[in-house]
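Whatever order the structure lists them in is the order used to number ligands and atoms, beginning at 1.
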Amino acid sequence: MEKRFQIGNREFVLDQAKAEEAYAAKRVINGRQTMTFNLLPLKYQWAYELYRNMKANHWEPEDIPMAKDIEQWRGNDLSDVERWIIRMGIGYFSAAEGIVGDNIQHVVRELVTAPELKLVLGRHAHEENIHADSLLYMISSLGINPHECEAMFEDVPTILRKNEFVSRVSRELRRDMDLSQAREKQALARNIFVFGQCMEGTQFYGLFGMILSLYRQNKFPGIGQMFRYTLRDESNHIELLRNLLVELIRENPDVWTDEFQQELVNLMKEAVQLEKEFINDCLPVNAVGLSGEEFAEYIDYIADRRLENVGLPLLNEGVKNPFPWLAEMMDIKKEQNFFEGRVTEYQKASSLEMVSDDEL
Ligand code: FE
Ligand code: MN
């Protein structure tokens, strides 16, 4: 017997018995290991749709003009603090993007088994490469010494601690894992939570907020725009790792013990603490016209949204977003005229009309 599948504007005909067998063998972990990349029949429809959305958001750093940024950087109207924020942003993310991409490629993508999950994780890793490349473009445009940026990651204690926080949950997974054991499954779930919700989801937001505050004052329009594209990508990464965690738990309820849930909440608490220490230590919040207290509240607010999204208890029930303008600026889908120039051309019409809930 044959069955028709409609995916976007494409149609496929599969043998029903074979399709059912392939579908049943698809799992987040411990599914069928295939050498060939058999995407059909899709089981994790969201993963394929997200992959298409991520591709539709494609951008190239060099398409964003840096002339104004260069003029400002060389001119006399900037304060030392403003230059420091830019150096800090470039320095921190230069290393952080690499750490995330490496973990996605060598830990998460290695351990999941369903092909459509590998597909979207491959795109995730690729986007981290684009982000790393955009930072090179900023470094070369402004003529910043790259070693200064590297040194920040090695010499600033509050950055070192943020780094250690994420790398400790990544290192332990770089060996043969026995994913039939609940403890090892939890190690993977912890990794997915820490990278998606704590790091990309919360600890990136201190510097994002600072750079967008400058952007709002018409400082560094090119850099600001690149960070906005980056943020749009990050919101897809957060969503991807959130969905992955939820599916992993659904298929492996033994992972989701009370102790484990409490452990994840504690990890988020630690992530927030580290981010606030980093902000106090490195980010002159007042200099861009924000209050330190509100900035801390903003981090609390973001962290609670991440916990909420994966069904965990909140750390600061009722906390409000003190910077609604920042949320507006981060949500670039709302803007009509944001896509200017060549970037628009990456938006392939076919990518925008994904519809299909066809399942076996
Ligand atoms: Fe990134
Ligand atoms: Mn990311």
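V310 has its side chain out of reach of I249: every pair of non-hydrogen atoms, C-beta onward, lies at least 4.5 Å apart. With contacts defined as side-chain heavy-atom distances shorter than 4.5 Å, the pair I159/K162 does not qualify.
Among the heteroatoms counted here (N, O or S) of E234, OE2 is the one nearest to the Fe ion (ligand 1). Among heteroatoms of the N, O or S kind in E97, OE1 lies nearest the Fe ion (ligand 1). The atom of E128 nearest to the Fe ion (ligand 1) is OE1, with the search restricted to N, O or S atoms. Note on E234: its N/O/S atom closest to the Mn ion (ligand 2) is OE1. The Mn ion (ligand 2) is closest to atom OE2 of E128 (considering only N, O or S atoms). Checked against the Fe ion (ligand 1), the N, O or S atom of H131 at the shortest distance is ND1.
Remark: at the Mn ion (ligand 2), atom OE2 from E200 and atom ND1 from H237 enclose 110°, rounded to the nearest 10 degrees.
In this structure, F208 and F93 have parallel ring planes: the angle between them is below the 30° cut-off, well short of the 60° mark.
A salt bridge between E148 and R83 is absent, with no side-chain N of the basic residue lying under 4.0 Å from a carboxylate O of the acidic one.
The shortest non-hydrogen separation linking L314 to R305 is CD1-NH2, 4.2 Å.
No side-chain donor-acceptor contact under 3.5 Å links E172 to the backbone of A187.
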